[in-house]
Amino acid sequence: NNSSNNNTKHNIKDNNNNNNRRKHFFFANKGIMENSEEATTTMDTSRVQGEEVEVKCDGMMEFQEYEANEEKKANGLFHFTAPQYQGEEGKRGSLDLVAVLDVSGSMGGSKLDLAIATAKFLIDNLTAKDRLGLVTYDSSVYTNFELVNMDAEGKERAHREVDKLRSGSCTNLSGGLFRGIDLMTARSEGSKASVSSVLLMTDGEANEGLIGQELIDTTQRKFQTGNLDFTLYTFGYGASHNEHLLKNLSEVGSGMYYFIENNDVIAESFGDVLGGLLSVVGQNMKLAIEAVNGATITKMHTKRSNTISDDKTTATVSLGDIQAEEARDVLLAVTLPALNDKNNTDSDDANGDGSSSADEGIVYLKGTLSYVNAITMEFSSVEVSISAKRPTPDNMSETNVRNSEVEKQVKRVEAAEAMAKAMEEARNGNLESARKTINVCMSDALGDCDDDDEYSGALRNDLNMCLDGLQSQARYRDVGKYHLASKAQSHWNQRSNMFSADMEQQSAYTTCSRGVWQKKASAAKSSHTRTKISTHPPQRHRFQPQQQQQQQ
């Protein structure tokens, strides 16, 4: 796939005006769902065989042409897109979930009620091929129920145990997390679902068990040494949790950190996660890159695990999983060699395939993406090559403009880097420097963006949200530090990790499946609220399992 001229377009034209732009869900790669009310589950479910369930691959250089007589610095891009969401009736893999719920004293009242409603939402919407486990923690750790199939019997048991929950005392977050990990690692090889995740929820600081960097390091060792095959998502409620801890734990577990600003969006945030997990189409994605014909790889613009060989001719990057309608982009800096008269291959067979570089360009990068297809449960791989033409200065094309897709990814990386830098500056108490970092990024990276550029508009909205959170120390403590951590991670990973009732603040990476499940979660929350008003809630008692629970 020689794709210098065949790039997938992401930039979606504005449907009316800029003020209404973010009232739409922006689908990474697929366009806009004009009204979330249209997010139904009656979608085409026939396309579950063949290439429709494969990850698509493309590649391109920043420009089509580079002068032949000089060494040139360039950006190359490998671009991967997942297939469309197939709807609730579409073929998907099975799901194992362990919810690890904070029931410390600070979770009492409406916060715990909404967390319970969210647990019930998970129970009600998983199917018989899925399994759910529940761990709760305060000072002690309780296995309320291990992984059980969500058939009728399993759902009844799960509802019964969830109804017994009440708030307790302190916050032994490490004990709860490690118990959830233990439930996952105890699974037999033949019983594991095709997609698995631990969901860790808290509203405060860990104040018992392991805390801080020691907890991060210990969790990282568990994932690395155990070669664990599940992800870890973290959820921080309100303005009292440790965003640095939760963000880093989620990254150790290849998941995402969610900042839940207020109780109103708890249910929808979990709907967002569930919609993503139920639409995973590729897992363990790994890209192997080879630089050829004298090119070298100088830098990988990603926070994902990657390597570059000493001679700079090969590189690898781990991309984790990909969900329906998502994109993954690997932006890398490369150096193209100067071509003298002898090795200028405008008419020679530079690529070894009989092609002319004057027409096809010279191949400088070759990539092989390997992954497990979560729908077919088969190992898949796809290859792509990236080329550039190398004419003499007199023969350079007048239409040699910058590739819009590469330009878009450069902006994404610059915005994510600015957010990460501002986050560190603010953590060190320098809000002025943090504000300057964000402002410079908006001016330099996004200053010349077209108003109809949907994606750049989303980047600008997120940078403005971060800037708003840096206006004072009080504002930074209340929301700013959480927005910086959340938004930087979202753009590095190209994945949604926030639900907001304000469409202006919706993630640029919201997909159809996430929209569907956000809406379902919202409806379930409303139903739970009406039930609470119309009936007297049962007295909740701490569930005490018969087996002795070991405090961790």
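Counting only heavy atoms from C-beta outward, the side chains of V273 and L199 approach each other to under 4.5 Å. L200 has its side chain out of reach of F235: every pair of non-hydrogen atoms, C-beta onward, lies at least 4.5 Å apart. Side-chain contact check for K411 versus L459: some heavy-atom pair is nearer than 4.5 Å. Side-chain atoms of R427 and K481, non-hydrogen and from C-beta on, never get closer than 4.5 Å to each other. For the pair F78 and L287, the minimum side-chain heavy-atom distance is below 4.5 Å. Taking the side chain as every heavy atom from C-beta outward, N75 and V334 never approach each other to under 4.5 Å. Side-chain contact between R328 and Q494: present, with at least one pair of heavy atoms (C-beta onward) separated by less than 4.5 Å. The shortest side-chain heavy-atom distance between L77 and E405 falls under the 4.5 Å cut-off.
Atom-to-atom distance recorded for Y66:OH and I362:CD1 is 13.0 Å, nearest 0.5 angstrom. Here CE of M498 is found 4.5 Å from OG of S486. Values are rounded to the nearest 0.5 Å. Residue N497 holds its CG atom at 9.5 Å from OG of S269, rounded to the nearest 0.5 Å. Rounded to the nearest 0.5 angstrom, L246 CG and E251 CD are separated by 11.5 Å. Note that NZ of K222 is 13.0 Å distant from CG of D217, once rounded to the nearest 0.5 Å. Taking CG of D478 as the reference point, atom CD of E261 lies at 9.0 Å (rounded to 0.5 Å).
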Checklist entry - Hey, mind stepping through L249 and L245 against side chain to side chain contact (heavy atoms under 4.5 Å, CB included) and telling me if it holds? => result CA-CA 6 Å; L249 287 175; L245 173 67; 3.9 Å; yes
Item to check | Residues Y364, L336; criterion side chain to side chain contact (heavy atoms under 4.5 Å, CB included); working and verdict | outcome: CA-CA 8 Å; Y364 284 115; L336 308 182; 3.7 Å; yes
Next on the checklist: Let's go through E326 and Y509 carefully: what are the C-alpha distance in whole Å and the side-chain angles of both, what is the deciding distance for side chain to side chain contact (heavy atoms under 4.5 Å, CB included) to 0.1 Å, and is it a yes or a no?
Outcome noted: CA-CA 7 Å; E326 284 189 327; Y509 307 106; 5.8 Å; no
Item to check | salt bridge (Lys or Arg N to Asp or Glu O under 4.0 Å) evaluation trace for E414 with R412 | outcome: CA-CA 6 Å; E414 289 177 346; R412 174 182 64 84; over 6 Å; no
Next on the checklist: Would F270 and V265 count as a side chain to side chain contact (heavy atoms under 4.5 Å, CB included) here? Give the steps.
Outcome noted: CA-CA 9 Å; F270 278 87; V265 297; over 6 Å; no
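Inspection of the Y257 and H244 side chains reveals no N or O donor paired with an N or O acceptor under 3.5 Å. Side-chain contact, R221 with Q224: no donor N or O sits under 3.5 Å from an acceptor N or O. With no hydrogens or angles considered, a side-chain donor-acceptor pair links D272 and S496 at under 3.5 Å. Neither side chain, S380 nor N373, offers a donor N or O lying under 3.5 Å from an acceptor on the other. A donor-acceptor contact closer than 3.5 angstrom is absent between the side chains of S370 and K286. When only modelled atom types and interatomic distance are considered, D329 and H79 share a side-chain donor-acceptor pair under 3.5 Å. A donor and an acceptor atom, one from each side chain of E290 and T314, are nowhere located under 3.5 Å apart. Between the side chains of E425 and T437, at least one donor-acceptor pair of N or O atoms lies under 3.5 Å. Side-chain contact check for S381 and T368: no donor-acceptor pair (N or O, by modelled atom type) lies under 3.5 Å. Between the side chains of S197 and T231, at least one donor-acceptor pair of N or O atoms lies under 3.5 Å.
Within a 6.0 Å sphere centred on CD of E205, other residues, nucleotides and ligands contribute more than 12 heavy atoms. With a 6.0 Å radius and a threshold of 12 heavy atoms from other residues, nucleotides or ligands, L228 has its CG atom above the threshold.
Salt-bridge annotation for K56 and E54: absent, with no side-chain N of the basic residue lying under 4.0 Å from a carboxylate O of the acidic one. Remark: R390 does not engage E65 in a salt bridge, criterion side-chain N to carboxylate O under 4.0 Å. Residues K366 and E383 are not paired through a salt bridge, judged by the lack of any N-O separation under 4.0 Å between the basic side chain and the carboxylate.
In terms of heavy atoms, I322 sits closest to F80 at CD1-O, 4.4 Å. Across all their heavy atoms, A458 and A508 have their closest contact at CB-CB, 3.6 Å. Residue R495 comes nearest to Y233 through the heavy atom pair NH1-OH, 3.3 Å, listed as atom of the first residue, atom of the second, then distance. Taking all atoms of both residues into account, the shortest heavy-atom contact from D203 to S240 is O-CB, 3.6 Å. In plain terms, the two heavy atoms of I211 and A206 that are nearest each other are CG2-O, 3.3 Å. Residues F178 and T218 share a closest heavy-atom pair of CZ-CG2, 3.8 Å.
Panel note: side chain T202, backbone G204; a donor-acceptor pair is recorded below 3.5 Å. When atom types are taken as modelled, the side chain of T185 and the backbone of I181 share a donor-acceptor pair closer than 3.5 angstrom. When atom types are taken as modelled, the side chain of T298 and the backbone of A333 share a donor-acceptor pair closer than 3.5 angstrom. A donor-acceptor pair is defined here as one N or O able to donate and one able to accept, closer than 3.5 Å; such a pair exists between the side chain of R304 and the backbone of N493. Judged by distance alone, with hydrogens and angles left aside, the side-chain atoms of N284 form no donor-acceptor pair with the main-chain N or O of Y371 at under 3.5 Å. At distances below 3.5 Å, not a single donor-acceptor pair connects side-chain atoms of S387 with backbone N or O atoms of V363. A donor-acceptor contact shorter than 3.5 Å links the side chain of S250 to the backbone of K247. A donor-acceptor distance shorter than 3.5 angstrom exists from the side chain of Q471 to the backbone of L467, with no hydrogens or angles considered.
Ring planes of F259 and Y482: parallel class, angle under 30° (limits at 30 and 60°).
Annotation: side chain to side chain contact (heavy atoms under 4.5 Å, CB included) contacts of R475 (sequence neighbours excluded): D468, S472, V479. Checked against side chain to side chain contact (heavy atoms under 4.5 Å, CB included), S279 has the following partners two or more places apart in sequence or in another chain: Y85, Q323, A324, S513.
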